Structures are given as structure tokens and as C-alpha cells.
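A quick note: this is a predicted structure, and the numbers were derived from the prediction, not measured. Along the sequence shown, the residues carry numbers beginning at 1.
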Amino acid sequence: MLADSPPEATPVAATATAAATAPDRAAPRRRPLTRSVGLAASVAVLAVITVAGIAVGAKQIPLDQVWHGLFHYSGSATDVVIRDVRLPRTLLGLIVGAALGLAGTVMQALTRNPLADPGVLGINAGASAAVVSAISFLGVTSLMGYVWFAFLGAAVVNAAVYVLGGTRSATPVRLALAGTALTAVLTGYLNAVNLMDTAALDKMRFWTVGSLASATMPTVTGIAPFLAVGAVLALLLARPLNAIALGDDQARALGTQLTRTRVLAMLAVTLLCGGATAVCGPIVYVGLMVPHAVRALTGPDMRWILPYSAVLSPVLLLGADILGRVAARPGELQVGIVTAVIGGPVFISLVRRRRMAQL
């Protein structure tokens, strides 16, 4: 053989190479430039909806007064509404929306199920059960107090799901079944606590439907580091999650450590979902709708789905929040109610589609 001739490809190497490029080949020839332009356009839409979140609400405020409240705060009633109410609420919607979108994307990739969301492994139920227990039995009332209990509940359920799923022999189906079973048990527990403790129920009634109304700047700054760590971890898992989407055998052939990837993915979801649930309550469908819609636009490559989901999920959440404030003036509908009303028909349409976007 000549020294300059290329080495002959082995069957394993050929298989690995084909698997590594499968996400790009599966997409219908979407060029990186097109995806980049689409992502830039999504960021522009997010900027517009962010401004709308501050400017639009139950009380109509002219744009010049919005500008004054943001950059020339004087302590007037209008400035207080802008700086102390709408700005924290919008910022919380931004980070929580991104967290839910990333968590849903990771869960769909981990379970290889395009209709999965963070609730499929019981993450939301675990966080909710821990927070409700803290409110009912320990008298916890602060939002930041909820955070640690939410993380604890999410982490315990994560560990339980992994153990019930078979630890080293865990598969997406086993994990999903274990999560569904634990969610049913925890939902029964939540209902029992609510029925037995009416005082706690009164405190929880707005939190349990999902709301941004209680946002404050200390809440935003307190929860942001946890969500930031979860977001960075989720983005770093893009390549291993691409490999897992090809199946366990192909992922191993590509050198992916399945156990480590699943543990890190579940840690990311715990941080993202636990933090979001602690400060806003369980908000449904955001982690389901956006990643699925994004996948139809970008193809199955997680390196694009994750950033798109992180940008477009806050668009949906803030849009739902604005709609809830405008539709029920002078009151408002909680954002969790609006996302549920929107998400129900969307979920039904996804189920009824003959062809869904592949992972």
C-alpha cells in the first residue's frame, strides 16, 4: 500500500461516521446560514415580545412613560408599575420560558419521544409535592424558600425514577414508565394535602396554576444562577444527545457514555424544571410545544434545537402572559391557564398528525 493512500475504512468506522452525520442528512438540506438567519429572526421576535411585556398590561401606559419608568425612575405610580412590577415579571418570563424550553428539549431527546415534556419523568410533580409539603407542614411562605424544596423534590424523584428504571440497564421506555407511575402517586398526594389543609390551599391556589404575577427582582436574581447552570449544562449535552437519538448501540459506537449523559441530562432538567416550578408553579405545554415546533423547522440536530427552544419558549410564555393580562382587564388570567388553553388543542393536533417531526 502506498504511504499517501487513504486508509481503508472499517465497518465500525463507516457506521460511526454515518451515524455522526445522520442528524444533518435527516434534515431536508437546511443550510447553517438559513438556520442562523432563522435564529437571528427569533431573537428579534423575542426582543419585540420583551418590550411588549413591559409596555402592555391590564393598565394602559404610553410608551414615553414606559421609557421614563425604565431609565428615569422618579418614584411615581406609573414608574413603580414599570420598574417594580412589569420589568421583574418580564425578566422572570424570559428565564423561566428558556428553562422550560430547554428542559422539554432535553427530555424529548433523552426519551426519544417527540411528545415528552419535563413532566414525563415526574420532575414537575416532585418539585410541586415538595413545595406543597413545605407550605402545608413547615409554614414556608417565601418564593426563595420554595426553591430549595423544589430542587429537593425534583432530585429525589429523579433518583427514584432512575432506580426504578433499572439504573445501568435504564432505557427511555423504563424511565418514562417509572416517571408516569411516580407522577400519578404524587398527584394523589397533592390532592390529599389540598383537601386536608384549606389554609395551605388558599396560599397555593395561585401558585399551583402557574403564574408570573408574584415576580420581584430578588426572585429573578435569586433563581437566575440555578437556571443559568442548568441551561449551560443542557447546551453542552447537544452532541451526546444527538448520538443517543440514534439508539443506544449507535451511541456507544460513537463513544458516548450513556450513563453519564443521562445523569447529566437529568441534573440539567432538575435545575431547569425545579427552579422554574419553584418560582412560577407548574406551567404546562411550553416544554412540549416549542421543541416540537422547532424540530419541524431545524431538523433533528440538537445543536440547533436547543438554542432555538431557548429563544422561542420565552416568546410563547411572555405572549401567553400578555394575552392573559389583556383579555381579562382590569384583572388577569394566570399564564399557566393561558398556556393550557393554547396547549390542549396544539397537543391534540400533534397526536393526530400522521407524520411528526422525527428526533
Side-chain angles (χ1 to χ4, degrees), residues 41-101 104 117 143 204-217 219-220 223 276-277 279-290 292-294 308-349:
S42 300
V43 172
V45 172
L46 178 59
V48 172
I49 203 73
T50 300
V51 174
I54 300 173
V56 180
K59 179 182 178 181
Q60 295 183 352
I61 300 177
L63 286 177
D64 60 330
Q65 295 185 29
V66 173
W67 180 269
H68 185 276
L70 287 174
F71 301 105
H72 305 285
Y73 185 81
S74 62
S76 66
T78 300
D79 288 355
V80 169
V81 170
I82 295 299
R83 181 76 70 86
D84 298 335
V85 178
R86 291 189 184 176
L87 179 60
R89 182 172 183 155
T90 301
L91 292 177
L92 188 63
L94 281 172
I95 61 176
V96 167
L100 293 174
D117 72 346
L143 285 175
M204 295 182 296
R205 60 194 180 98
F206 289 110
W207 178 84
T208 52
V209 298
S211 173
L212 299 174
S214 57
T216 61
M217 286 307 297
T219 301
V220 174
I223 200 62
T277 302
V279 295
C280 296
I283 298 177
V284 297
Y285 289 119
V286 174
L288 167 66
M289 289 188 290
V290 175
H292 188 80
V294 165
Y308 263 91
S309 296
V311 172
L312 291 179
S313 293
V315 172
L316 173 62
L317 189 62
L318 288 175
D321 188 46
I322 294 170
L323 180 61
R325 281 183 275 167
V326 172
R329 285 176 175 171
E332 68 175 65
L333 291 174
Q334 305 301 317
V335 67
I337 297 174
V338 179
T339 57
V341 170
I342 296 173
V346 172
F347 184 83
I348 292 172
S349 68

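Heavy atoms only, all atoms of each residue included: A55 and V66 are closest at CA-CG2, 4.0 Å. Looking at every heavy atom in both residues, Y73 comes nearest to D79 through CE1-O, 3.5 Å. The nearest pair of heavy atoms linking P314 to V311 is CD-O, 3.2 Å. Among all heavy-atom pairs drawn from V56 and V326, the shortest one is CG1-CG2, 3.5 Å. Taking every heavy atom of both residues into account, Y285 and A340 meet most closely at CD1-CA, 3.8 Å. Of all non-hydrogen atoms in L87 and R83, the two that sit nearest each other are CB-O, 3.6 Å.
Inter-residue side-chain proximity for L100 and S313 is flagged as unmet; no heavy-atom pair is nearer than 4.5 Å. The side-chain heavy atoms of L318 and T90, taken from C-beta on, include a pair separated by under 4.5 Å. Residues P88 and T219 form no side-chain contact, since every pair of their non-hydrogen atoms from C-beta on lies 4.5 Å or further apart. Contact check for L92 versus I223: side-chain heavy atoms found under the 4.5 Å cut-off. V286 places none of its side-chain heavy atoms less than 4.5 Å from the side chain of V96. Side-chain contact between T78 and H68: absent, with no pair of heavy atoms (C-beta onward) separated by less than 4.5 Å.
For T339 (side chain) and G336 (main-chain N/O), a donor-acceptor pair under 3.5 Å exists by modelled atom type. For R325 (side chain) and G57 (main-chain N/O), no donor-acceptor pair under 3.5 Å exists by modelled atom type.
The OG atom of S309 sits 11.0 Å away from atom CG of L316, with the distance rounded to the nearest 0.5 Å. Put simply, CD on E332 and CD1 on I337 are 9.5 Å apart, with the number rounded to the nearest 0.5 Å. For the atom pair CD1 (I54) and CG (L63), the distance works out to 11.0 Å, reported to the nearest 0.5 Å. To the nearest 0.5 Å, atoms CG (L212) and CG (D321) are separated by 4.5 Å.
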Exercise for review: Just do the side chain to side chain contact (heavy atoms under 4.5 Å, CB included) check on L46 and L94 with the steps written out, would you?
Suggested key: CA-CA 9 Å; L46 178 59; L94 281 172; 3.5 Å; yes

